[in-house]
Amino acid sequence: MSPPSGKKTERTPSDADGYRRIWDAVAAIPYGCVLNYGAVARLAGLPGRARMVGQALGRAPKKMQLPWHRVVNAQGRISFPAGSSKGKTQRRLLEAEGVVFEDGRIDMVRFSPERAIDRMLWGPGEEKEP
DNA sequence: GGGCTGACCTACT
DNA sequence: CAGTAGGCCAGCC
């Protein structure tokens, strides 16, 4: 069977639609939470395409007001070179949301959306075990 | 048409 | 902990 023209395979979500999913996933990140590129790609329905997330964010229009600062790499570090404008801006925005940097790194587990409820109940800073 | 780059990830050594 | 290797896909020259 011939695939209908205009419609592509599942691997190619189609041009802007692919970025659209990524933008939507990033916009769905709760306040004060951080996710890595792989997680965003997975939430967007594009497993393994972490790189495309970066490009999508870079090509995202500013009018979108996308919380791009809530996306960091798997090491819990800002993907921008230390000292760069973007890097400082991202760190400032994250700290403004309550994200704590430990030795220039973020605890991806502590600030994951799953733990967001814990921080909302128990508050940040103190990590307690019930 | 081909080849390199990139806001990366995972796994193994 | 650091370094290497493989993967994955869109844009640009």
Side-chain angles (χ1 to χ4, degrees):
Chain A
M1 5 198 219
S2 317
S5 339
K7 194 168 182 188
K8 309 199 166 160
T9 54
E10 195 179 352
R11 287 193 203 158
T12 20
S14 209
D15 319 336
D17 278 353
Y19 296 116
R20 188 91 196 271
R21 290 186 179 183
I22 294 173
W23 293 335
D24 192 24
V26 173
I29 302 177
Y31 179 93
C33 295
V34 290
L35 282 179
N36 57 53
Y37 293 88
V40 173
R42 195 178 301 182
L43 288 175
L46 307 167
R49 273 151 244 181
R51 255 179 163 164
M52 198 160 53
V53 176
Q55 283 196 341
L57 291 177
R59 291 195 85 102
K62 280 213 153 171
K63 296 195 299 190
M64 202 170 265
Q65 289 185 325
L66 222 56
W68 59 271
H69 53 271
R70 290 177 195 157
V71 184
V72 294
N73 59 23
Q75 293 183 347
R77 280 191 172 222
I78 296 177
S79 301
F80 293 105
S84 61
S85 284
K86 293 264 191 168
K88 286 188 176 178
T89 301
Q90 182 168 12
R91 170 158 182 166
R92 185 174 38 125
L93 288 170
L94 286 174
E95 286 182 330
E97 293 189 358
V99 178
V100 181
F101 279 77
E102 182 84 22
D103 192 33
R105 283 181 279 184
I106 305 173
D107 194 328
M108 297 301 292
V109 180
R110 197 158 128 203
F111 291 100
S112 68
E114 284 284 321
R115 296 274 169 159
I117 179 69
D118 286 5
R119 291 200 312 283
M120 210 189 298
L121 290 174
W122 300 87
E126 289 188 58
E127 51 177 275
K128 26 193 69 199
E129 314 177 39

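As the structure is a prediction and not an experimental result, all values here were calculated from the model. In what follows, every heavy atom counts, from backbone to side chain, and hydrogens, waters and symmetry copies are set aside. In the text below, chain A, chain B and the rest are named by the order of the sequence lines, each starting its count at 1.
With rounding to whole Å, A/Met52 atom CE is found 15 Å from C/dC12 atom P. Rounded to whole Å, the distance from CG on A/Leu57 to P on C/dC9 is 18 Å. For the pair A/Leu46 CG and C/dC8 C1', the interatomic distance rounds to 11 Å; values are reported in whole Å. As rounded to whole Å, 16 Å separates atom P of B/dA7 from atom NZ of A/Lys62.
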Quiz prompt | Under 4.0 Å protein heavy-atom contact, by nucleotide of nucleotides 8-13 of chain B - B base, S sugar-phosphate only | solution = BSS---
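The side chain to side chain contact (heavy atoms under 4.5 Å, CB included) test with A/Phe111 singles out one residue from A/Leu94, A/Val34, A/Leu35, A/Val72, and that residue is A/Val34.
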Listing time: all N or O pairs from protein to nucleotides 3-6 of chain C that are below 3.5 Å?
none

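Checking the phosphate oxygens (OP1, OP2) of C/dC8, no side-chain nitrogen or oxygen of A/Arg49 falls inside 4.0 Å. Regarding contacts with the backbone of C/dG11, a side-chain N or O of A/Tyr19 is found under 4.0 angstrom from either OP1 or OP2. Note on A/Arg59: a side-chain N or O is less than 4.0 Å away from OP1 or OP2 of C/dC12.
Judged by distance alone, with hydrogens and angles left aside, the side-chain atoms of A/Ser84 form no donor-acceptor pair with the main-chain N or O of A/Phe80 at under 3.5 Å. Put simply, the side chain of A/Asp103 never gets that close to the backbone of A/Arg105: no donor and acceptor are under 3.5 Å apart. Between the A/Asn73 side chain and the A/Gly76 main chain, a donor and an acceptor come within less than 3.5 Å of each other. Judged by distance alone, the side chain of A/Arg119 and the main-chain N or O of A/Arg110 form a donor-acceptor pair under 3.5 Å.
Comparing C/dG7 with B/dA7, their P atoms are spaced 22 Å from each other, to the whole Å.
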Got a list of side-chain donor-acceptor pairs under 3.5 Å for residues 57-70 of chain A, not counting sequence neighbours?
unit_1, atom_1, unit_2, atom_2, d
A/His69, NE2, A/Glu97, OE2, 3.0
A/Arg70, NE, A/Glu97, OE1, 3.0
A/Arg70, NE, A/Glu97, OE2, 3.3
A/Arg70, NH1, A/Ile29, O, 2.8
A/Arg70, NH2, A/Glu97, OE2, 2.9

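Atom CD1 of residue A/Ile106 and atom SG of residue A/Cys33 lie 11.5 Å apart, to the nearest 0.5 angstrom.
Atom CD of A/Glu95 is surrounded by more than 12 heavy atoms from other residues, nucleotides or ligands within 6.0 Å.
For the pair A/Arg91 and A/Phe101, the cation sits on the ring face: its NZ or CZ lies under 6.0 Å from the ring centre, inside 45° of the axis.
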